[in-house]
Amino acid sequence: MTLLLKLSQLIDWLNERVARGAFWLVLVMTIICAGNASYRFIFNDSSNGLLEIQWYLFAAVFLLCSPYTLQKNEHVRIDVLAGKLSPRGLAVIDIIGTVFFLLPMVVTVLWLSLPLVAESYKINEYSANAGGLIRWPVKILLPIGFTLLALQGISELIKRIAFLAGMIDDPNHKERGPTPEEELAAAIAAAKAKEAK
């Protein structure tokens, strides 16, 4: 099990690095969007390529950051159920969900997407829009993103089993500090209090 925990740490490290790189795509996407909007306003013209690159980047952010979201336990849960379970009960639910839902879904998407990507690459598929972009780079994000998600699912499975075996602390435990919204509200209140003095 120790070797599997090392594998889990390696997968976590990989997905964290990929996600931190993908975070920068949000900035790139914002710059392109603002530039395209400005160009359209000034010159009364637009580029299909610039519009398409925006959704290519959005797809990259979504697909490459999903495994990191799973790793940080920020994915969608059924809170009505999860909130009532003990840590061990939640770990069992996570194991069942991973084995019977997450991993089969990931394998299905991989199985269905690989031929589409191969065909797109083979025919050098381009967008049907004038000035559009080549399609296979965005299509290849599907198998890459879902492979990373499968690896993260395996990592989470290893952690839940190790927790149930008493080898590690609860992987679902989160420090319950203030949320970013609560921190902002406190900073605003402190600034107003300082102004009032």
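For clarity, every value in this text was computed on a predicted model and none was experimentally measured. Hydrogens, waters and symmetry mates are skipped; everything else that's a heavy atom, side chains included, is used.
In this view, R20 and E16 satisfy the salt bridge (Lys or Arg N to Asp or Glu O under 4.0 Å) rule, not counting sequence neighbours. Taking the side chain to side chain contact (heavy atoms under 4.5 Å, CB included) definition, one finds that N124 meets it with Y126, I134, W136, sequence neighbours left out. Every side chain to side chain contact (heavy atoms under 4.5 Å, CB included) that I188 has, sequence neighbours left out, goes to L184, K192.
The number of heavy-atom neighbours closer than 6.0 Å to NZ of K72, taken from other residues, nucleotides and ligands shown, is above 12. Counting non-hydrogen atoms of other residues, nucleotides and ligands closer than 6.0 Å to CG of D169 gives a total of 12 or fewer. Atom CG of L3 sits in a sparse spot, with 12 or fewer heavy atoms from other residues, nucleotides or ligands closer than 6.0 Å.
Side-chain heavy atoms closer than 4.5 Å link hydrophobic residues (I, L, V, M, F, W, Y) into clusters, and following such links, even through other members, never connects V107 to L102. By the criterion of side-chain heavy atoms lying less than 4.5 angstrom apart, applied directly or through intervening Ile, Leu, Val, Met, Phe, Trp or Tyr residues, L149 is not grouped with W111; the two fall into different hydrophobic clusters. Grouping the Ile, Leu, Val, Met, Phe, Trp and Tyr side chains by contacts below 4.5 angstrom, directly or via other members, places L151 with W13. Following chains of ILVMFWY side-chain contacts shorter than 4.5 Å, one cannot reach I144 starting from L112, and the two form parts of different hydrophobic clusters. A continuous path of Ile, Leu, Val, Met, Phe, Trp and Tyr side chains, each step under 4.5 Å between heavy atoms, connects F101 with I161, placing both in one hydrophobic cluster.
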| field | Step-by-step side-chain contact (heavy atoms from CB on, under 4.5 Å) determination, W55 to M29 | value | CA-CA 9 Å; W55 69 261; M29 190 171 27; over 6 Å; no

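Ring geometry for F62 against F58 counts as parallel: the plane angle stays under 30°, on a 0 to 90° scale with 60° as the upper cut.
L51 CG to N36 CG: the interatomic distance, rounded to the nearest 0.5 Å, is 5.0 Å. The structure places OH of Y68 at 13.0 Å from CG of L14, a figure rounded to the nearest 0.5 Å. Rounding to the nearest 0.5 Å places CG of L57 at 9.5 Å from OG1 of T30. The CG atom of L50 lies 7.0 Å from the CD1 atom of I32; values are rounded to the nearest 0.5 Å. To the nearest 0.5 Å, the span separating CG on D94 from OG1 on T98 amounts to 6.0 Å. A distance of 9.0 Å separates CG of D12 from CD1 of I158, quoted to the nearest 0.5 Å.
Looking at every heavy atom in both residues, L63 comes nearest to F146 through CD2-CE1, 3.7 Å. Scanning all heavy atoms of the two residues, the minimum distance from L103 to A150 falls at CD2-O, 3.8 Å. A pairwise comparison of heavy atoms in I53 and L133 identifies N-CD1, 3.7 Å as the closest pair. In terms of heavy-atom proximity, N48 sits nearest to A130 at ND2-O, 2.7 Å. Between A59 and L141, the shortest heavy-atom contact is C-CD1, 4.3 Å.
Not a single donor-acceptor pair under 3.5 Å links the side chain of S8 to the backbone N or O of L4. Between the side chain of S120 and the backbone N or O of L116 there is no donor-acceptor pair closer than 3.5 Å. Under the 3.5 Å distance criterion, the side-chain polar atoms of E125 are left unmatched by any main-chain donor or acceptor of R135. When atom types are taken as modelled, the side chain of R160 and the backbone of V92 share no donor-acceptor pair closer than 3.5 angstrom. The closest donor-acceptor contact from the side chain of S38 to the backbone of A34 lies under 3.5 Å.
With 3.5 Å as the limit, one finds a donor-acceptor pair spanning the side chains of N15 and Q152.
V18 places none of its side-chain heavy atoms less than 4.5 Å from the side chain of P67.
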